[in-house]
Each structure stands twice: as C-alpha cells, then as structure tokens.
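Keep in mind that the numbers below use all heavy atoms, side chains included, and drop hydrogens, waters and symmetry copies. Below, chain A is the first sequence line, B the second, and so on; all start at residue 1.
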Amino acid sequence: MAKTYDYLLKLLLIGDSGVGKTCLLFRFSEDAFNTTFISTIGIDFKIRTIELDGKKIKLQIWDTAGQERFRTITTAYYRGAMGIMLVYDITNEKSFDNIRNWIRNIEEHASSDVERMVLGNKCDINDKRQVSKERGEKLAIDYGIKFLETSAKSSINVEEAFYTLARDIMSRLNRKMNDSAPSGGGGPVKITESRSKKSFFRCALL
Amino acid sequence: MAAEDLPSEFDVVILGTGLAESVVAAACARVGQRVLHLDRRSYYAANWASFTFNGLLTWIQQHQESQVEEEIKDWSNLLEKGEGLIYLSNPESTSIRNLQVFCFTSDEDEEEAQSPDSPNTTEEKAVYESEERSETKSAGLNEEETKEKPEEASDKEEKEQAAQREALEPAADKPHPSAAQSQSEPTQKNISYAHLVKEGRRFNIDLVSKLMYSHGSLVDLLIKSNVSRYAEFKNVTRILTYRHNNVEQVPCSRADVFASRQLSVVEKRKLMRFLTSCVEETEDQQAYNGRPYLEFLHDQQLGDNLQHFLLHSIAMVTEDTPTEQGLAATRHFLRCLGRYGNTPFLFPVYGLGEIPQCFCRMCAVFGGIYCLRHSVHCLLVDKNTNRCKAVIDSRGQRISCSHFVVEDGYVGEDRKVDTPPRFLSRAVLITDRSILPSDSDQQTFYFNIYLTDSLPISPQVSVVTVPPIAEGCPVVKMVELCSSTMTCIPGTYLVHLTCQSVGSAYDDLSPVVTRCFHTPDSPDQDRRPSVRWCLYFNMADGSGVEVEGHNLPSNVYVCSGPDADLGHEHAIKQAKSIFHKILPEEDFCPPAPNPEDIIYDGENTSATGDEDKDGEKTKDEAGEDKEKLEEQSIQTEE
C-alpha cells in the first residue's frame with residue numbers, strides 16, 4: 001500500500017458531554033453538521049488529511065465514546081496522544097469551570113509534552129452566552145495554551161482550530177527531531193519508518 | 001457531572017471491570033445490547049489494573065487500612081410483590097492480603113533533603129503497618145504457620161531495621177551527596193525514593209503478571225474484534241531461566257539454538273530433532289500418557305541441560321505434569337514462536353491494565369455506559385422464576401436488566417460453591433539493572449526508534465523461569481520489563497514475580513528475590529541488580545471460580561479474577577462462555593468497522609454503496625478486512 005501521508009498525528013477531544021465535541025469532529029472531518037447526534041455511538045475516531053508546509057499530515061481525531069459522561073475516560077484513551085482539544089460550551093458555565101478538571105486529568109494521564117488547545121464552542125448562539133470570550137482567553141493564558149471560539153454549526157474557526165493544533169505539534173516534533181538528530185532516532189510519528197527493520201520490536205496488532 | 005441520572009433499563013448490567021467482565025461488556029455492546037458497566041473502585045480493571053508508582057502507594061494504603069464495613073441499607077421498600085433481595089459484598093476485603101513493602105533506596109539525592117516531609121518516615125510507617133497486618137492476616141491464611149510466625153516476624157523486623165539503617169546511613173554519616181557514590185556501583189546512579197515519587201506517573205505497575213501468547217486466545221480476540229487498534233505491544237525479547245545460581249538464556253527458536261553458546265553441537269542437534277518431532281503426535285508419545293512429562297523427556301536421552309530448558313522454560317510445567325499436557329504446552333509454545341518475534345510472547349505497552357480498558361472502550365463506542373465509584377448493592381430476584389429482574393445501585397436507583405454479570409469478589413461467600421480459597425503470591429520489584437545485561441551488539445540490534453531518550457539501556461523484556469529452589473517450594477515465574485514498555489522510568493527495571501501460594505507472598509518469593517537480586521539481606525559480592533523498592537502481596541486465585549452453579553439466580557454470571565497462568569486463556573474462555581449463555585445466537589466480538597472505512601453521508605445516503613445506514617459493513621466485507629489486517633500484522637515480523 002502506498003503511503004498517502006507523511007505524518008500521522010493522534011488528537012483527542014475532551015470536555016463535558018453535550019459541548020459539541022462530536023459535532024466539531026464531524027464538521028472538520030466531513031464538513032457536515034447534524035443536530036441529531038444524541039450520543040457518540042459507533043464513532044471511534046475520524047480521519048482527515050491536511051497539508052502543512054508541503055507535507056501531508058493525517059489527523060486521527062479520537063472521540064470520547066461518551067465515557068466523559070460520568071468522568072470515566074479510560075487512561076488508555078490518552079496514550080500516545082500528541083494533541084488535545086479541550087472543549088467547553090459558551091452557553092454552559094459548568095462546562096467552562098470543568099475545563100480546569102479536564103486539564104488536571106490530562107496532566108495525570110497524558111504524555112507530559114502533549115499540545116493542548118481550548119475551544120469555546122457554540123459561539124453562534126450568542127444570545128444564550130454564559131461565558132464571555134475574555135474569560136476563555138484568560139483561562140488559556142493561565143495555562144499558556146491557545147484559545148479559539150468556534151461554532152461547529154456555523155462552521156466558524158473549526159478549520160483554524162485543528163490547523164493551529166496540528167501546526168503546533170509539527171513545530172514541536174521538528175524541534176525534537178533536530179535535538180535528537182545525532183542518535184538518528186527520528187520522531188515518534190514517522191510512519192514511513194515504522195515498517196522498517198528498526199521498528200521490528202514495536203508491533204501493532206492491527 | 002456525576003449527578004446525571006442513569007437510565008433505568010438495560011439489557012446487561014456488569015459489575016466489575018476486570019478482563020473477563022470487560023470482554024463480556026464489549027461483546028454484548030457490539031451486537032447491540034444496552035450495557036451498563038460499573039465498578040465500585042475509582043479505577044478500571046479491578047485486580048488486573050496497572051498503577052503509577054503513586055497510584056500503587058495509594059492502593060497499598062487502601063488495602064492496609066482496616067476496611068470500614070459498609071452499612072447495609074434496607075432496600076426492601078423497593079421490592080415489588082414476589083421479589084426477593086440478594087445483597088452483594090465488597091470485593092476488596094477478600095481478594096488481597098499480606099501486603100508488605102520494603103524500600104532500599106538511598107538518600108543521596110538532593111531533592112530529598114529539600115522535600116518538606118521526609119520520605120523516610122513514610123517508608124518506615126509503611127513497612128511497620130504492613131508487617132503488623134501480615135501477621136494478623138497470615139494467621140488466617142495458613143493455620144500451621146502461626147506458631148512459627150512471631151519468631152519469623154521479629155527476624156524480619158530486624159532485617160528491615162537493618163535495611164533501613166543501611167538506607168539511612170549514607171545520609172546520616174555523609175551528608176555530602178557525592179560521598180554516597182562510593183557505596184553504590186560506580187556506573188549506576190542510585191535512585192532515591194523521592195525520585196521514584198517524582199517520576200511516579202511514568203510507572204505502570206501491574207497487579208497481575210501475565211504475557212500474551214502470540215497465538216493465544218487473547219491475541220486472536222484482539223485481532224478479530226479490532227480492539228487491537230487501542231493498544232500497542234512489545235515483543236518479549238528473551239526467555240531466561242535460573243539454574244545453578246545463574247541466569248541463563250534459553251534457546252527457543254531455530255536461530256537461538258544455532259547461535260547458542262551454552263549448548264554443544266550434539267545438544268543443538270538433539271534439541272532441534274526433539275522440537276521438530278514433538279509437533280506431531282506419535283504413538284511413542286501416547287505411550288507416556290498419564291506418566292510425568294519429565295519421565296518422557298528423560299527417556300529421550302536429551303541430557304540435563306535440554307531437559308531443564310524443555311520442562312521449565314518451554315513447556316513451563318512442573319516435574320509431575322502428565323506427558324500429554326507437557327507436550328500440548330510445548331506445541332503451543334512452538335506455534336506461537338515467530339509470529340511477531342523470536343519468543344512466543346507479547347507485552348502491551350503501558351502494562352496489562354490497558355487490555356481490559358481497551359475492551360471497555362469498545363463497549364463504550366457501541367453505546368455502553370460507564371460509571372466508576374458506583375456499585376450495585378443488591379439484586380432483585382423474581383421468586384417464581386429465580387431470575388434477577390433488576391439491581392439497586394449504590395444511589396438507591398432501581399435498574400432493570402435481563403442479565404447480570406459480576407466479578408467474583410462481589411458475591412458473598414455464603415452464596416458461592418464451596419471451593420477452598422487459593423491464592424497467588426506476587427512480588428513487584430524496582431531494580432537498577434537487568435538480571436542479565438545483554439551484549440553490546442544486542443543493544444544496537446534492539447535499538448528502538450521510538451524512545452530516543454532511553455537508548456543507552458538495552459530494551460530487553462525477559463521472562464525468567466525459576467524452578468523450585470528447594471523441595472516443596474513453588475515454581476516462580478518472573479517477568480522483567482525495561483523502560484521501553486512504558487512501565488518504568490529509564491535507569492530502572494520493573495520485575496514481577498508470581499507463583500501459586502504455599503505460604504505468604506513474602507515466604508514464597510523472598511528466597512528467590514534474595515538469590516537473584518542484591519538486597520541488604522544478601523552478601524554484597526556481586527553484579528546482581530539491586531532492589532530499590534519492593535512489594536509483596538497475595539491475591540485470590542481466580543482459576544477455581546465457576547461461571548455458574550452458585551446459589552444465585554440463573555441469569556447471574558460470575559467472572560473470576562486473575563489466575564496463575566502466564567497466558568490469558570482462562571479469562572477469555574470464561575468471557576466467551578458467559579456471552580454465549582446470554583446471547584446463544586450471536587457472534588462473539590465480530591470485527592468493529594474501521595473508522596476510516598465509515599463514510600458519513602449526512603442526509604444523502606446515495607453516495608456510497610458499501611455501508612448500510614449504521615455505517616457498518618456487511619459480514620463478508622468485514623471478514624475480508626480482518627484477513628487483510630492479519631496479513632499486515634504478520635508483516636511486522638520481517
């Protein structure tokens with residue numbers, strides 16, 4: 001099989017239930033919006049390949065499978081994630097307050113160098129807004145991470161959000177690869193290498 | 001968020017998130033059953049869990065504290081006419097006992113001096129608390145031993161004090177950090193307790209120690225169901241055995257046999273001939289049915305070396321195992337060779353605790369609802385049909401269900417079939433180097449592109465078989481994990497020891513630990529790895545627990561905890577049999593569609609033909625897909 005991409009990045013969506021994680025995922029991967037997704041049955045992850053600086057980057061974006069509902073996300077979900085979208089609903093104060101809890105969760109379970117980004121979703125419903133844009137920005141500054149307000153429904157900033165996260169991951173990877181260049185190890189995501197002899201001892205049971 | 005109410009009707013309610021329960025959950029949800037999966041604990045995987053170092057310390061503490069008996073509430077007001085109640089019990093109170101912790105880290109690390117609460121106090125406390133507990137507990141475990149116990153305990157205490165003196169000395173006598181260097185191995189940096197705690201989240205310490213046979217039922221199920229996409233695996237790179245006070249590598253593949261330096265040419269030829277011949281069943285072999293495998297091996301004129309390897313490290317059976325079983329085990333071993341690597345075993349990256357979670361994820365993807373810290377207090381039973389109609393959860397909500405699957409520990413002793421409780425003895429060690437450092441050429445050969453920061457350490461994953469070190473001692477299986485398995489930090493190794501209990505875990509395993517490793521108890525001669533931290537405990541052996549036949553309603557199924565076997569056959573077999581009892585007509589874990597193949601059509605369903613409206617493939621296509629994936633995975637061998 002010919003490789004149709006240069007890099008594969010694993011991204012996660014995290015946040016309270018009902019903030020629109022699955023809608024963001026569908027808007028980005030299928031350019032579709034459907035309000036009838038009640039839960040996220042059957043959706044493991046979605047794929048979209050984007051191009052950055054002439055490189056084809058395959059984004060594998062994982063959904064929580066509804067396990068966030070009772071705060072029971074498996075630790076296995078966080079393994080190997082390179083980027084995490086923290087999503088809250090601007091019309092729901094509670095979901096915004098919980099971002100801090102989710103960040104704590106990430107710090108506990110995800111890799112320490114994972115790239116993070118905060119999204120305030122549903123910004124099309126301004127009249128029901130409970131969380132101001134400034135508060136979202138302040139929270140992001142507190143944690144030193146990027147922030148955008150998005151709307152999966154009106155397709156506002158969804159592309160920008162995923163491209164930004166992907167670009168941040170790529171620049172970190174490039175830095176890392178330059179740092180570790182003498183060992184010739186390469187970054188952890190270069191899939192083209194994973195079929196080579198060297199990776200013999202790390203096998204995925206596909 | 002947790003305030004959200006649960007739906008009040010499910011097809012299957014499952015209590016406990018161990019391996020068998022999780023597989024049943026995934027299998028049921030996959031074929032469209034409405035599944036509610038609960039666990040009383042705050043973590044997944046029950047006694048199959050993996051913990052960070054700090055998580056493990058909390059787990060130890062929880063099991064050392066005297067369990068507060070939960071108040072049994074009277075739920076009879078929720079009963080309807082013709083219903084009876086069955087109360088469930090707390091699983092943690094019975095399955096783990098005899099916890100003992102020893103810490104042999106030194107204190108030269110500067111960070112430790114700075115840390116406000118000295119880790120030493122916590123260490124000491126942990127040791128003494130656990131010691132007390134072990135005395136009281138082991139009295140219950142083994143009556144005959146109680147007489148010797150006080151003596152032994154005081155002996156142990158002395159040893160510990162010695163250990164702690166040793167641990168304390170460098171700091172007390174020589175406060176200067178560099179001075180302590182002279183005490184340790186010249187090249188190895190000593191790891192402090194504070195360092196273990198600081199880097200604690202990079203450990204994934206399994207409560208059970210098992211490996212995955214590459215043609216075993218777990219690997220087959222992971223591939224069949226596509227649950228394998230949630231995890232990554234490492235090959236176990238070598239099989240070792242403890243013999244004549246030495247650790248030796250066991251040649252098990254053709255290449256190993258030819259490369260082996262410890263076998264003579266004649267032995268190599270004999271071994272190859274034997275391994276080739278035992279693939280087929282012959283009359284010659286049948287003649288030995290019912291007689292010990294050792295006798296059969298002996299009569300093959302193989303010599304001591306080969307006999308040892310074949311019995312202990314390849315068949316992994318005991319001296320009195322019947323020949324047919326020994327041969328079956330040998331064939332299984334050979335069948336598993338070379339599928340993914342040069343040993344028959346795989347180990348999941350981040351530890352075994354990932355595996356039940358992967359099945360839970362599959363269940364959730366297909367609509368299963370998950371709640372931790374949430375239990376079932378009692379079952380409501382229809383007195384006429386003797387079936388469980390509903391359960392009452394820990395919030396007093398009545399949830400109706402058609403089937404109830406429960407971890408063995410939640411079922412009260414009075415309802416279980418009377419089997420004598422058996423235990424496993426476990427030890428977990430954090431050591432500073434491999435039990436058999438590999439040659440430098442091997443180091444480059446096992447070079448791993450993913451973990452550039454851990455390169456100088458040879459990433460070996462070894463299984464070590466330790467035959468009984470004295471008459472009456474158990475066979476011990478040891479698994480040594482390196483940091484590239486993501487279960488320990490670079491510069492350390494994580495060693496798991498397991499055996500069937502004869503006495504307490506400390507009694508069973510500490511003799512092996514003192515022989516194979518350097519502890520303050522052992523004569524300080526040597527090049528053996530030093531133990532930095534270790535934990536002993538006993539865990540209930542799940543191999544004797546039956547799925548049915550208990551004094552329980554007919555639609556209640558009991559899942560057992562981990563067993564002593566190296567593989568996962570027991571749990572998978574059990575899960576499969578429970579699933580077929582619940583849903584006799586359904587396929588067990590058919591492949592989940594690959595998300596990349598699901599094409600979302602929005603409102604227009606005309607665009608693609610290969611999916612039905614659920615986005616699922618037809619059976620045939622899914623089958624083809626599976627084969628393709630299997631081929632791919634085999635390609636990794638090259």
Side-chain angles (χ1 to χ4, degrees), chain A residues 1 16-17 26 29-34 39-47 60 62-77 79-80 94-95 98 101 107-109 112 176 179-180 183-188 190 193-206, chain B residues 1-2 4 43-44 52 201 219 222-223 228-235 237 340-341 346 349-350 353-354 357-358 360-361 364-367 369-372 374 446-453 455 459 484 486 592-593 595-596 598 600 602-603 614-616 629-630 632-633 635-638:
Chain A
M1 252 194 299
D16 285 8
S17 33
F26 271 75
S29 61
E30 312 280 352
D31 197 20
F33 182 80
N34 190 340
S39 62
T40 50
I41 291 182
I43 299 157
D44 231 345
F45 56 81
K46 300 289 289 176
I47 295 283
Q60 190 185 56
W62 290 67
D63 206 346
T64 50
Q67 285 186 319
E68 80 284 7
R69 238 172 108 187
F70 300 98
R71 287 203 167 266
T72 44
I73 291 183
T74 54
T75 53
Y77 179 65
R79 307 292 188 207
K94 190 87 194 292
S95 74
N98 273 326
N101 294 331
E107 281 166 356
E108 205 172 314
H109 300 300
S112 53
K176 214 174 171 183
D179 290 349
S180 59
S183 67
K190 209 153 186 191
E193 269 178 330
S194 75
R195 286 266 175 264
S196 74
K197 193 95 182 169
K198 283 174 190 167
S199 68
F200 177 40
F201 287 101
R202 186 185 186 102
C203 48
L205 269 180
L206 282 168
Chain B
M1 262 192 315
E4 201 176 335
Y43 50 87
Y44 278 98
T52 62
R201 63 186 289 279
V219 169
L222 285 166
I223 292 171
S228 57
R229 71 167 73 121
Y230 303 134
E232 283 184 304
F233 304 88
K234 287 266 179 193
N235 278 301
T237 54
Y340 299 110
L346 293 172
V349 177
Y350 299 106
E354 297 289 289
Q357 293 193 52
C358 292
C360 290
R361 160 103 190 159
V365 166
F366 286 92
I369 292 181
Y370 276 83
C371 286
L372 298 178
H374 198 123
Y446 294 117
F447 176 77
N448 185 309
I449 60 156
Y450 284 87
L451 296 145
T452 44
D453 57 338
L455 270 182
S484 67
M486 309 299 261
E596 294 188 50
I598 301 173
Y600 175 75
E603 279 76 30
D614 293 320
E616 274 185 43
L629 293 171
E630 251 180 304
Q632 270 177 15
S633 56
Q635 276 172 14
T636 57
E637 283 168 45
E638 286 140 34

Measure across A/Gln67 and B/Ala364 and return the closest heavy-atom pair with its distance rounded to 0.1 Å. CG-CB, 3.4 Å
State, yes or no, whether a side-chain contact exists between A/Thr75 and B/Tyr43 at a heavy-atom distance under 4.5 Å. no
Under 4.5 Å to a heavy atom of chain B? For A/Ser29 that would be neither
Nearest non-hydrogen partners of B/Gln357 and A/Ala76, listed with the distance: OE1-N, 3.2 Å
Examine whether an atom of B/Tyr370 lies under 4.5 Å from a heavy atom of chain A, and if so say whether it belongs to the side chain, the backbone or both; otherwise answer neither. both
Short question: side chain of A/Arg79, backbone of B/Glu232 - any donor-acceptor pair under 3.5 Å? no
In terms of heavy-atom pairs under 4.5 Å, which option from A/Ile73, A/Asn101, A/Ile47 contacts chain B the most? A/Ile47
Of all heavy-atom pairs linking B/Tyr350 and A/Gly80, the shortest is OH-N, 4.0 Å
Can you find a heavy atom in the side chain of B/Arg361 that is under 4.5 Å from one in the side chain of A/Asp44? yes
